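Right, one structure below, let's go through it.
Just so it is clear, the values below take in all heavy atoms, side chains as well, and ignore hydrogens, waters and symmetry mates. Being a predicted model, the structure only gives us computed values, none of them experimental.
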Amino acid sequence: QVQLVESGGGLVQPGGSLRLSCAASGSIFSINVMGWYRQAPGKERELVAIIFSDGSTNYADSVKDRFTISRDNARNTVYVQMNSLKPEDTAVYYCNAKGYISVNLRRFDTWGQGTQVTVSS
C-alpha cells in the first residue's frame with residue numbers, strides 16, 4: 001500500500017508564494033509520475049503540473065511561468081513552487097502518484113488527502 005502526505009498549504013495574499021510538498025511512503029518499487037491537481041468549489045478537479053521519473057514536466061496553461069514542479073526521487077517526494085499567486089488559484093490541491101508496488105509489481109494510483117490553498121487579501 002502507498003500513502004501520500006501533503007503539506008505547505010495556507011493563506012497567502014495575491015502575488016505571494018507558497019511551496020507544497022508531497023511525500024510518498026509504503027511498499028514502493030518505482031514511481032513513474034507524480035503530480036499536483038486542484039479542485040475549486042463547484043468545479044472539477046484539474047491538472048496543475050506533473051513530473052515523470054526522467055524529469056520531464058507538463059503544466060496547465062494557467063500556471064505556466066508561475067509554478068515549478070520538481071521531485072526528489074531518493075525521497076519519493078514531489079514539490080510545487082507557486083509564485084505570483086492569484087485569487088483564481090484558490091483550491092484544494094491534491095498530490096497524485098502512479099507507479100508499481102514492490103511486493104507484487106502491481107500498479108498503484110494514489111491520491112493524497114488534499115491541502116487548502118487560499119489566495120486572498
Side-chain angles (χ1 to χ4, degrees):
Q1 203 168 10
V2 177
Q3 300 82 37
L4 301 179
V5 177
E6 299 140 334
S7 60
L11 173 65
V12 64
Q13 292 186 342
S17 298
L18 280 176
R19 187 190 192 214
L20 305 183
S21 301
C22 171
S25 63
S27 302
I28 299 169
F29 176 76
S30 66
I31 301 178
N32 295 345
V33 57
M34 300 186 80
W36 291 95
Y37 295 74
R38 67 187 181 187
Q39 188 167 18
K43 295 187 177 181
E44 294 186 353
R45 190 173 297 188
E46 63 176 5
L47 169 72
V48 175
I50 54 174
I51 183 166
F52 296 87
S53 56
D54 64 358
S56 59
T57 58
N58 283 329
Y59 292 91
D61 288 342
S62 59
V63 306
K64 280 181 182 177
D65 300 324
R66 299 189 299 122
F67 291 12
T68 302
I69 190 170
S70 60
R71 72 189 268 182
D72 183 338
N73 290 330
R75 292 182 170 84
N76 290 330
T77 299
V78 64
Y79 310 93
V80 62
Q81 177 67 41
M82 306 186 294
N83 298 329
S84 303
L85 283 161
K86 305 175 181 179
E88 51 263 45
D89 294 317
T90 295
V92 178
Y93 283 70
Y94 296 91
C95 177
N96 175 261
K98 298 179 176 65
Y100 293 89
I101 297 173
S102 59
V103 174
N104 50 22
L105 294 184
R106 286 187 179 178
R107 292 180 178 181
F108 69 86
D109 183 347
T110 301
W111 292 88
Q113 79 283 0
T115 185
Q116 177 70 46
V117 171
T118 302
V119 185
S120 174
S121 55

Legend entry - Non-neighbouring partners of A23 that pass side chain to side chain contact (heavy atoms under 4.5 Å, CB included), sequence neighbours left out: T77

Legend entry - Donor-acceptor contact below 3.5 Å, side chain E6 vs main chain Q113: yes

Inset, instruction - Considering only Ile, Leu, Val, Met, Phe, Trp and Tyr, and joining two whenever side-chain heavy atoms are under 4.5 Å apart, list the other residues clustered with I50. - result: V33, Y37, L47, F52, V92, Y94, W111

Inset, instruction - For the residue pair T68 and Y59, establish whether any side-chain heavy-atom pair is separated by less than 4.5 Å. - result: yes

Legend entry - Gap separating the NZ atom of K98 from the OG atom of S30, nearest 0.5 angstrom: 13.5 Å

Inset, instruction - Could you tell me whether the side chain of V117 reaches within less than 4.5 Å of the side chain of T90, counting heavy atoms only? - result: no

Inset, instruction - Please answer: with hydrophobic residues joined when any side-chain heavy atoms are less than 4.5 Å apart, are V63 and W36 in the same cluster? - result: yes

Inset, instruction - Return the set of residues passing side chain to side chain contact (heavy atoms under 4.5 Å, CB included) with S53 (not counting sequence neighbours), or none when no residue passes. - result: R71

Inset, instruction - State which residues pass side chain to side chain donor-acceptor pair (under 3.5 Å) with Q116; sequence neighbours excluded, sorted by chain then number. - result: T118

Legend entry - All salt bridge (charged side-chain N to carboxylate O under 4.0 Å, His left out) counterparts of R75, not counting sequence neighbours: D72

Legend entry - Residue pairs involving residues 31-40 (criterion salt bridge (Lys or Arg N to Asp or Glu O under 4.0 Å); sequence neighbours excluded): R38-E46, R38-D89

Inset, instruction - Sort and list the pairs that fulfil disulfide bond (SG atoms under 2.5 Å apart) and have at least one residue in residues 47-121, not counting sequence neighbours. - result: C22-C95

List the atom pairs, donor and acceptor, that lie under 3.5 Å between side-chain atoms in residues 9-20 and the rest of the protein, sequence neighbours left out.
| residue | atom | partner | partner atom | Å |
| --- | --- | --- | --- | --- |
| S17 | OG | N83 | OD1 | 2.9 |

Legend entry - Residues in side chain to side chain donor-acceptor pair (under 3.5 Å) contact with S56, at least two apart in sequence or another chain: D54

Legend entry - Cluster companions of Y100 among Ile, Leu, Val, Met, Phe, Trp, Tyr (side-chain spacing under 4.5 Å): F29, L105

Inset, instruction - Decide if atom CD of E88 counts as having more than 12 heavy atoms of other residues, nucleotides or ligands within a radius under 6.0 Å. - result: yes

Inset, instruction - Can you establish whether the number of heavy atoms outside D65 located under 6.0 Å from its atom CG is more than 12? - result: no

Inset, instruction - Might you point out which heavy atoms bring A24 and I31 nearest each other, and give the distance in Å? - result: CB-CD1, 3.9 Å

Inset, instruction - Applying side chain to side chain contact (heavy atoms under 4.5 Å, CB included), name anything that partners S7, two or more places apart in sequence or on another chain. - result: S21

Legend entry - Non-hydrogen side-chain atoms of Y93 and Q39 separated by less than 4.5 Å: no

Inset, instruction - For the residue pair R66 and K86, establish whether any side-chain heavy-atom pair is separated by less than 4.5 Å. - result: yes

Legend entry - Flag side-chain contact, heavy atom, 4.5 Å: I101 against I28: no

Legend entry - With sequence neighbours excluded, residues passing side chain to side chain contact (heavy atoms under 4.5 Å, CB included) with D61: K64

